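Since the structure comes first, as structure tokens, the remarks are kept for the end.
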Protein chains: 2
Amino acid sequence: MDATQGRFERIQVAPAYQLVAEAIEREVVSGRLLPGEPVGTEAELVRQFGVNRSTVREGIRALEEGGFIQRGPDRRLYACLPRYNRLSSRMSRALILHEVTFRELFSVALALEVASAEQAVAHITDEMLERLEENQGEIEAAAQAGDAARLSEADSTFHHLVAKASGNRVLLLSREPASLLFFPTTELICRRVPEGPPRLIVAHRHIIDALRARDLEQARLWMSRHLHDWERGFARAGRDLDEPVERVYARSLPPGIAV
Amino acid sequence: MDATQGRFERIQVAPAYQLVAEAIEREVVSGRLLPGEPVGTEAELVRQFGVNRSTVREGIRALEEGGFIQRGPDRRLYACLPRYNRLSSRMSRALILHEVTFRELFSVALALEVASAEQAVAHITDEMLERLEENQGEIEAAAQAGDAARLSEADSTFHHLVAKASGNRVLLLSREPASLLFFPTTELICRRVPEGPPRLIVAHRHIIDALRARDLEQARLWMSRHLHDWERGFARAGRDLDEPVERVYARSLPPGIAV
DNA sequence: CCTCTTGACTTTGTCCGACAAAGTCCTAGC
DNA sequence: GCTAGGACTTTGTCGGACAAAGTCAAGAGG
């Protein structure tokens, strides 16, 4: 089947649906289509691209999955920037599939949470401090009520807020995949280990105070302690750090895309 | 339009193409469909799901984009696990779109590369040491030849290898998005800063030696120095840490999916 | 006997037309 | 003025159709 000689490059014709997807993606990426702006109806796209509606729809599916466009409540298509959490949840799922262990999660969480705390010291604003205080209130209330799920949720939020306070979006993104799998275990620990919640509250308190005082050393120290508390609690809850993150998580992941 | 009372949940009917995609995704995720196995032809899927081919195709597009299935060279569909680098490249692109700065990248790279070195000390194998030595040879050859592109490429590989040597897949994954944007700048630096390559070679040498000697302190120290060398080199190359990662990168990213 | 061509068959990419369900918008009646 | 319809739009789905490209096996020619 080879030509007599390899004189010519193989001619590549990308499928039309891919060209459609790429064209729209370019509009979004280049900023000509701003997030929130309507992309247009399928009929319009059919007219503009001069292809069949089926073809347009296939392109739309790919873009949708890629997070470049979204359906509004009215089912219409709107441009949007690929959301972090969407990508993060995919990453988390990949981690589950590869059966990573809690030890692996822990090591990374430790490195990234401490880095978050360090950078938050330098960049935190009064508004973020305020939100951390609110969060602390929520956590104390949840602990008081003995609501482990709510406490765990708020704990996740706490760490997200600290990362956000760092002003480093790369950090915020990088920590997300591991965090999505790591922090939900707080619920489990708080259920089984009575001294979990009070220790958590104390640690958060110290972290917030350190951030307010711009005390790098304390922030680093208490975030590290807080994570090591988790490690101890995880063991006391009868779990093994070397056990793989179960598939069960796959179902209860974030409220992103179904499955 | 509201019902008289909010007694019932709104009934949600997911579109058929989504159900198709989810069903196939479940097969892959659950391991019933192993990576590399054929998913079946569109006609077969039409029969199995009892929906129209257009519907199946829309579902396929989404899965394809999600990385759960892939077209073989024969255009047929084969299952596959979402590859890290595919997700990573999407993440990297998201970072570009959000116009993160090199300073943000640097902070995260510092934290994660040092963590990689630390954990590699505990887990490195002779085989990985061997591969690092090979890589070192490649880098020295590239430097000798004055080939900045090749050198930069090999430098990326070096850091990837160290992360791999850590035995921590979460770490390997978490560092990828930032790395994809961060390390290519090495080329730029090496072009402009003559003392760049020799310093890089010395640092890598010390890191490899520290890993071989299982010397945690030295590994940490030299990885940190190496990264700070980058920082200095970046400035000496006339670039500003606070400038956003340009869109230009979006084109020359990894050889993943075309933008 | 082996190689090469050819032609039937399969599969994908694309198109056309159609229709029901659900959302939107305008209008007429109270 | 507000509400209930009704017309129109848009999406989701279906059925069928055909060209291009790949696969495979049988037959022609050495």
Side-chain angles (χ1 to χ4, degrees), chain A residues 1-6 8-25 33 36-66 68-80 257-259, chain B residues 1-5 8-24 33 36-65 68-80 257-258:
Chain A
M1 186 49 71
D2 308 44
T4 50
Q5 289 256 338
F8 294 109
E9 284 279 322
R10 175 132 175 59
I11 291 182
Q12 301 266 14
V13 241
Y17 66 85
Q18 226 172 65
L19 297 177
V20 168
E22 288 168 18
I24 297 177
E25 181 176 334
L33 240 180
E37 283 184 356
V39 177
T41 67
E42 296 180 0
E44 276 170 15
L45 295 174
V46 164
R47 273 195 298 279
Q48 291 181 40
F49 289 112
V51 298
N52 192 269
R53 190 157 79 98
S54 305
T55 307
V56 167
R57 282 174 65 82
E58 289 186 38
I60 286 176
R61 289 312 150 231
L63 285 175
E64 226 173 352
E65 186 67 17
F68 289 98
I69 62 181
Q70 235 183 0
R71 299 232 162 250
D74 53 357
R75 280 186 173 177
R76 282 196 177 76
L77 294 171
Y78 296 93
C80 62
I257 192 172
V259 168
Chain B
M1 185 49 73
D2 308 43
T4 50
Q5 288 256 340
F8 294 109
E9 286 276 325
R10 175 132 176 59
I11 290 183
Q12 302 262 19
V13 240
Y17 65 85
Q18 226 171 65
L19 296 177
V20 168
E22 287 169 18
I24 298 177
L33 239 180
E37 283 183 358
V39 177
T41 67
E42 296 180 2
E44 276 171 15
L45 296 175
V46 165
R47 275 195 296 278
Q48 291 181 42
F49 289 111
V51 298
N52 191 271
R53 191 156 78 97
S54 305
T55 307
V56 167
R57 283 174 64 81
E58 288 186 37
I60 286 175
R61 289 309 152 234
L63 285 175
E64 226 173 353
E65 188 65 17
F68 289 97
I69 62 180
Q70 236 183 359
R71 298 227 163 255
D74 53 359
R75 280 186 173 178
R76 282 196 177 77
L77 294 172
Y78 296 93
C80 59
I257 192 172

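We name chains A, B, ... by the order of the sequence lines, and we start the count at 1 in each one. Since this is a predicted model, take the numbers as computed values, not measurements.
Atom CZ of A:Arg47 and atom P of C:dC15 are 16 Å apart (whole Å). Distance A:Glu44 CD to D:dT9 P: 12 Å, rounded to the nearest Å. Residue A:Leu77 contributes atom CG, which lies 14 Å from atom C1' of C:dG23 at whole-angstrom precision. Rounded to an integer number of Å, the gap from A:Leu45 CG to C:dC15 C1' is 17 Å. In this entry the distance linking CZ of A:Phe49 with C1' of C:dT14 reads 16 Å, nearest Å. Rounded to an integer number of Å, the gap from OH of B:Tyr78 to C1' of D:dG22 is 12 Å. The CD-C1' distance, from B:Gln18 to D:dT11, rounds to 13 Å in whole Å. Straight-line distance from the OH atom of A:Tyr17 to the P atom of C:dG13: 5 Å, rounded to whole Å.
Scanning both residues, A:Gly59 and A:Ala21, for their nearest heavy atoms gives O-CB, 3.8 Å. Taking both residues in full, the closest heavy atoms of A:Ala16 and A:Val51 are given as CB-CG1, 4.5 Å, listed atom of the first, atom of the second, then distance.
To the nearest 0.5 Å, atom CD of residue A:Glu65 and atom CD of residue B:Gln18 are 8.5 Å apart.
Electrostatic pairing of A:Arg61 and A:Glu64 counts as a salt bridge here, judged by a charged N lying under 4.0 Å from a carboxylate O.
Side-chain nitrogen and oxygen atoms of A:Arg71 include at least one within less than 4.0 Å of the OP1 or OP2 phosphate oxygen of D:dG12.
Contacts between residues 50-59 of chain A and DNA chain D, defined by a heavy-atom separation under 4.0 Å, are made by A:Arg53, A:Arg57.
The residue from B:Ile24, B:Leu77, B:Val20 that alone fulfils the side-chain contact (heavy atoms from CB on, under 4.5 Å) condition with B:Leu63 is B:Ile24.
Sorted by first then second residue, the salt bridge (Lys or Arg N to Asp or Glu O under 4.0 Å) pairs that include residues 45-54 of chain A, not counting sequence neighbours, are A:Glu42-A:Arg53.
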